Amino acid sequence: GRQAAVDYTKTGAQEDRDLKRDLGSHVHHMVEALVLWQASPPGSGADLMLPELPEHLAGQDYDEDPVEIVAEWMVDGFLNWVADFKPQFLAAEMTVFNYPLGVAGTLDKIVFLPGLAIGPAGRFIPGDGVTICGDVKTGKNPDVTWGEQIAAYRHSPECQPDRFDSGLAATPFTDTGAVLHLRPEHPRGYRFHLISGADDADSWNTFRRDVEIYHSRKA
């Protein structure tokens with residue numbers, strides 16, 4: 001009824017967003033652990049532990065499905081993407097810096113995809129390999145800011161290659177950006193969105209305008 005709708009608008013919608021945000025964070029931590037496991041020296045992978053589902057998520061529903069099953073679907077989607085594209089992980093959870101703009105952030109991953117290139121139509125074609133700056137997303141609907149986020153990572157000139165070392169280095173070159181969208185409704189649990197050169201340029205220009213507005217309001 002009317003009052004239930006009002007109550008949901010006040011509290012339930014925020015709780016639903018929080019649950020989905022927290023599940024997305026859990027899936028990110030799972031993916032990071034799997035990447036580190038793959039990159040670990042031979043014989044040391046058993047020392048890495050997969051993160052447990054946070055207690056406050058256990059027993060909850062995610063779009064009418066148990067959250068435990070949805071998390072499993074999403075992780076399976078990531079594993080299927082790895083099986084299909086055979087990525088070589090060059091960086092994961094790496095902090096990047098753009099001192100002239102006064103911004104920094106942590107990119108999700110940089111991967112090399114062997115046997116592929118990007119054709120004139122902005123799609124994969126056979127080739128010598130392509131290097132991608134990618135981000136994992138789990139939300140239901142694509143967000144218009146995804147391109148700006150990845151463009152900001154790609155155009156940051158410096159990075160911290162080792163999170164335990166404060167030294168900076170040049171950010172590795174990437175050919176393009178991409179979003180790995182993990183959702184149970186996608187075939188094999190994922191959809192891999194390439195970001196075209198034109199879209200990357202537009203997103204980068206938009207991000208720089210956003211930063212200018214932010215600094216102007218802050219002043």
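What's counted below: heavy atoms across the whole structure, side chains too, no hydrogens, waters or symmetry copies. Predicted model, so just to flag it, every value in this text is computed and none were measured.
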Would [X] and [Y] show up in the same hydrophobic cluster when neighbours are defined by side-chain heavy atoms closer than 4.5 Å?
X: Trp146; Y: Phe192; result: no
X: Phe78; Y: Phe112; result: no
X: Tyr153; Y: Ile132; result: no
X: Leu194; Y: Val179; result: no

Exercise. With under 30° as parallel and over 60° as perpendicular, where do the rings of His181 and His193 fit, or are they tilted in between?
Worked result: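 Geometry flag for His193 against His181: tilted rings.
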[Y] and [X], any side-chain heavy atoms less than 4.5 Å apart:
X: Val82; Y: Tyr190; value: no
X: Met74; Y: Val136; value: no
X: Ile110; Y: Thr174; value: yes

For this session: Look at the side chain of Ser196 and the backbone N and O of Asp199, then say whether any donor-acceptor pair between them is shorter than 3.5 Å.
Result: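 Yes, because the side chain of Ser196 sits within donor-acceptor range (under 3.5 Å) of the backbone of Asp199.
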Side-chain donor/acceptor pairs under 3.5 Å, residues 90-107, sequence neighbours excluded:
from: Asn98; atom 1: OD1; to: Leu101; atom 2: N; distance (Å): 3.2
from: Asn98; atom 1: ND2; to: His155; atom 2: O; distance (Å): 3.4

Residue pair [X] / [Y]: nearest heavy atoms and the distance that separates them:
X: Cys159; Y: Pro172; value: SG-CD, 4.1 Å
X: Pro87; Y: Val111; value: CB-CB, 4.1 Å
X: Gly139; Y: Arg183; value: O-CD, 3.5 Å
X: Ala178; Y: Ile195; value: N-CD1, 4.1 Å
X: Ile150; Y: Gly177; value: CG2-CA, 3.8 Å
X: Arg154; Y: Cys133; value: CG-CB, 3.6 Å

Exercise. Which residue pairs pass the side chain to side chain donor-acceptor pair (under 3.5 Å) test with at least one member in residues 123-137, sequence neighbours excluded?
Worked result: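 Applying side chain to side chain donor-acceptor pair (under 3.5 Å) to every pair that reaches into residues 123-137, excluding sequence neighbours, yields Asp135-Lys137, Lys137-Gln149.
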For this session: Among residues two or more places apart or on two chains, list those pairs meeting side chain to side chain donor-acceptor pair (under 3.5 Å) that have a residue in residues 209-219.
Result: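 Checked against side chain to side chain donor-acceptor pair (under 3.5 Å) - neighbours excluded - the pairs reaching residues 209-219 are Thr206-Arg209.
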Exercise. Would Phe124 and Leu113 satisfy side chain to side chain contact (heavy atoms under 4.5 Å, CB included), going step by step from the backbone distance to the final call?
Worked result: CA-CA 10 Å; Phe124 284 125; Leu113 303 177; 3.8 Å; yes
Exercise. To the nearest 0.5 Å, what is the distance between NE2 (His186) and CH2 (Trp73)?
Worked result: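 It is 13.5 Å, given to the nearest 0.5 Å.
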